[in-house]
Amino acid sequence: MPDTPRRSENRYGNRPTMKDVAARAGVGLKTVSRVVNGEQGVTPETERRVQEAIDALGFRRNDSARVLRKGRTASIGLVLEDLADPFYGPLSRSVEEVARAHGALLINGSSAEDPDREQELVLALCARRVDGLVIIPAGDDHRYLEQEIRAGVATVFVDRPAGKTDADVVLSDNFGGARDGVAHLIAHGHRRIGFIGDMPRIHTAAERLRGYLAAMEDAGIPVEDSWTSLGVTDPLRVRRAAEDMLRGPSPVTAVFAGNNRVSVTVIRVLAEQTRRVALVGFDDIELADLLHPGLTVVAQDASVLGRTAAERLFGQLDGSLIVPERIELPTRLITRGSGELPPAD
């Protein structure tokens, strides 16, 4: 067996190449290439020697040349709002599972709800030649992506639609879900119902507010200005909004929380109150069933959102899906007790 090529002692030295593998196994480069790429024409004994050399050297195939030959990188990008938000965990996992089933690598990134950061991240992924993008948009103008889409980058928006451009989008029924949740509170006798949501420029926040207003209008209940509050979802802002709604001459007897982060803060505020206030949240939260009472929620299935978006993406890549579509998935009301409390006065 030939001597093993000397390699740098530097911890960050050069990676082993197919030439190194060929030298160690005592075969030609073409033979190594066939083994690495799973091609026929290599005897079992030769394949064993090559594989032993690969394992000993820690060789990994460099896909750059294959990308140049095939024009595909077998990778897709997923741009989320916030990687720390528990809502995006199952969504991301579902996208990754579909990508893996198609032999593709998933690259995640977070926009931090910043439109400029979103654009920077998306274009950086495009520069790295990802085959497709699944985007939860932070901005409302996605014309910057049109050239990339024309160049063949498959693109699907999820949770919120693209702005000022035509593209596939997979959404939950935010309007209908919020309307159902508020109607549920009304059916249990509430007329003074507060709404606390995310920033109004965000599609989901605007749609959920619209659902709240529609339910109130359907029931003939005029909405006071002090009953609605939209803005950032940090705990301090949400706490102030909830406390304002719960005091004064016309305090609310129920609250509809516009997302999971709002729900968590409102639960803490209500725990400090002397009177019981009903609560329905949009999005389920962990341990919601262990609260006293359990949290009633309008649930959307983040896993199905992610899987549907990823399947649309790979449908674009294989050429079977050409015309952009808007897919709206249903929500469901899960009753656990907090939304069924009657008005305290």
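One-based numbering along the sequence shown.
- Counting only distance, with no hydrogens or angles, the side chain of Ser320 and the backbone of Gly315 share a donor-acceptor pair below 3.5 Å.
- Tracing side-chain contacts under 4.5 Å through hydrophobic residues (I, L, V, M, F, W, Y), one never reaches Leu333 starting from Leu171; they form parts of separate clusters.
- The backbone N or O of Ile193 sits less than 3.5 Å from a side-chain atom of Tyr212, completing a donor-acceptor pair.
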- Task: Test side chain to side chain contact (heavy atoms under 4.5 Å, CB included) on Met199 and Leu230 and set out the steps.
- Result: CA-CA 5 Å; Met199 293 181 288; Leu230 280 80; over 6 Å; no
- Steps toward side chain to side chain contact (heavy atoms under 4.5 Å, CB included) verdict (Asp85, Asn260): CA-CA 9 Å; Asp85 188 326; Asn260 54 358; 3.3 Å; yes
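- A side-chain contact (heavy atoms from CB on, under 4.5 Å) with Phe157 holds for exactly one of Ile136, Asp168, Leu145, Leu133; it is Leu145.
- Using a 4.5 Å cut-off between side-chain heavy atoms of Ile, Leu, Val, Met, Phe, Trp and Tyr, with links allowed through other members, Leu305 and Leu106 fall into the same hydrophobic cluster.
- The closest side-chain heavy-atom distance from Trp227 to Ser250 is below 4.5 Å.
- With values rounded to the nearest 0.5 angstrom, Asp234 atom CG is found 12.0 Å from Arg239 atom CZ.
- Under the 30°/60° scheme for interplanar angles, the aromatic rings of Phe314 and His102 are found to lie parallel.
- Nearest heavy atoms, Val252 versus Gly194: CG1-N, 3.6 Å.
- If you check the side chains of His190 and Thr253, you find a donor sitting under 3.5 Å from an acceptor.
- Neither Phe87 nor Ile285 shares a network with the other; the hydrophobic side chains, linked directly or stepwise wherever heavy atoms of I, L, V, M, F, W or Y lie under 4.5 Å apart, form separate groups for each.
- Other residues, nucleotides and ligands place more than 12 heavy atoms under 6.0 Å from the CD atom of Glu45.
- Distance alone, capped at 3.5 Å, is enough to place a donor-acceptor pair between the Arg49 side chain and the Ala25 backbone.
- Judged purely by atom type and a 3.5 angstrom limit, Asp55 has no side-chain atom pairing as donor or acceptor with the backbone of Leu57.
- Taking CG from Leu246 and CD from Glu272, the interatomic distance works out to 10.5 Å, rounded to the nearest 0.5 Å.
- By the criterion of side-chain heavy atoms lying less than 4.5 angstrom apart, applied directly or through intervening Ile, Leu, Val, Met, Phe, Trp or Tyr residues, Leu91 is not grouped with Leu121; the two fall into different hydrophobic clusters.
- Met245 has its side chain within reach of Ser229: a pair of non-hydrogen atoms, C-beta onward, lies under 4.5 Å apart.
- Between Ser94 and Gly306, the closest heavy-atom pair is CB-C, 4.1 Å.
- Electrostatic pairing of Glu113 and Arg160 counts as a salt bridge here, judged by a charged N lying under 4.0 Å from a carboxylate O.
- Not one N or O on the side chain of Thr31 forms a donor-acceptor pair closer than 3.5 Å with the backbone of Val27.
- Interatomic distance, Asp289 CG to Leu287 CG, rounded to the nearest 0.5 Å: 7.0 Å.
- Inter-residue side-chain proximity for Val262 and Val266 is flagged as met; some heavy-atom pair is nearer than 4.5 Å.
- Between the side chain of Asp20 and the main chain of Thr17, a donor-acceptor pair closer than 3.5 Å is present.
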- Given side chain to side chain contact (heavy atoms under 4.5 Å, CB included), test Val280 with Leu295 step by step and report yes or no. CA-CA 7 Å; Val280 173; Leu295 179 63; over 6 Å; no
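- In terms of heavy atoms, Asp82 sits closest to Tyr88 at O-CD1, 3.3 Å.
- Inter-residue side-chain proximity for Val122 and Tyr144 is flagged as met; some heavy-atom pair is nearer than 4.5 Å.
- Annotation for Arg275: atom CZ counts as buried by contact number, over 12 foreign heavy atoms lying within 6.0 Å.
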- Message: One pair to check against salt bridge (Lys or Arg N to Asp or Glu O under 4.0 Å): Glu96 and Arg93. What are the steps and the verdict?
- Response: CA-CA 5 Å; Glu96 184 172 25; Arg93 185 172 61 250; over 6 Å; no
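- Heavy atoms only, all atoms of each residue included: Val238 and Val232 are closest at CG2-O, 4.2 Å.
- Heavy-atom minimum distance, Gly189 versus Pro343: O-CG, 3.2 Å.
- Thr296 places a side-chain N or O within donor-acceptor distance of the main-chain N or O of Gly339, the cut-off being under 3.5 Å.
- With respect to the salt-bridge test (charged N to carboxylate O, under 4.0 angstrom), the residues Arg326 and Glu328 qualify.
- Counted within 6.0 Å of CG on Asp140, heavy atoms from surrounding residues, nucleotides or ligands total 12 or fewer; the atom is thus considered open.
- Under the 4.5 Å side-chain heavy-atom criterion for ILVMFWY residues, a single connected hydrophobic cluster contains both Ile196 and Ile221.
- Counting only N and O atoms by type, the side chains of Thr331 and Gln300 include no donor and acceptor under 3.5 Å apart.
- Exactly one residue among Glu207, Arg210, Arg208, His203 makes a side-chain hydrogen bond (donor to acceptor under 3.5 Å, both in side chains) with Asn174. That residue is Arg208.
- Asp301 has no carboxylate O lying under 4.0 Å from a charged side-chain N of Arg307, or vice versa, which leaves the two without a salt bridge.
- Considering only heavy atoms from C-beta on, Leu279 comes within 4.5 Å of Leu270 through its side chain.
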- Task: Quick one: do Glu243 and Arg237 satisfy salt bridge (Lys or Arg N to Asp or Glu O under 4.0 Å)? Show the steps, please.
- Result: CA-CA 10 Å; Glu243 289 173 345; Arg237 200 285 298 182; over 6 Å; no
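- Among all heavy-atom pairs drawn from Ala138 and Pro115, the shortest one is O-CG, 3.8 Å.
- By the 4.5 Å heavy-atom criterion applied to side chains, Leu209 and Phe195 are counted as neighbours.
- At distances below 3.5 Å, at least one donor-acceptor pair connects side-chain atoms of Thr155 with backbone N or O atoms of Val153.
- Judged by distance alone, the side chains of Gln119 and His142 never bring a donor and an acceptor atom under 3.5 Å apart.
- In this structure, CG on Leu80 lies 5.5 Å from OG on Ser92, to the nearest 0.5 angstrom.
- In this structure, Arg117 CZ and Glu81 CD are separated by 14.0 Å, a value rounded to the nearest 0.5 Å.
- In summary, the side chains of Ser75 and Arg129 do not present any donor paired with an acceptor at a separation below 3.5 Å, with no hydrogens or angles considered.
- Ion pairing between Glu97 and Arg100 fails under the 4.0 Å rule for side-chain N and carboxylate O.
- Residues Val223 and Thr228 form a side-chain contact, since some pair of their non-hydrogen atoms from C-beta on lies under 4.5 Å apart.
- Using a 4.0 Å cut-off between charged nitrogen and carboxylate oxygen, Glu52 and Arg24 do not count as a salt-bridge pair.
- Considering SG of Cys126 and CD of Gln147, their distance stands at 10.0 Å, rounded to 0.5 Å.
- No more than 12 heavy atoms of other residues, nucleotides or ligands shown are found within 6.0 angstrom of CZ on Arg240.
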- Could you go step by step and tell me if Leu78 and Ile107 meet the side chain to side chain contact (heavy atoms under 4.5 Å, CB included) rule? CA-CA 6 Å; Leu78 172 60; Ile107 305 171; over 6 Å; no
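- A donor atom on one side chain and an acceptor atom on the other are not found under 3.5 Å apart for Asn259 and Ser263.
- The closest side-chain heavy-atom distance from Glu340 to His184 is below 4.5 Å.
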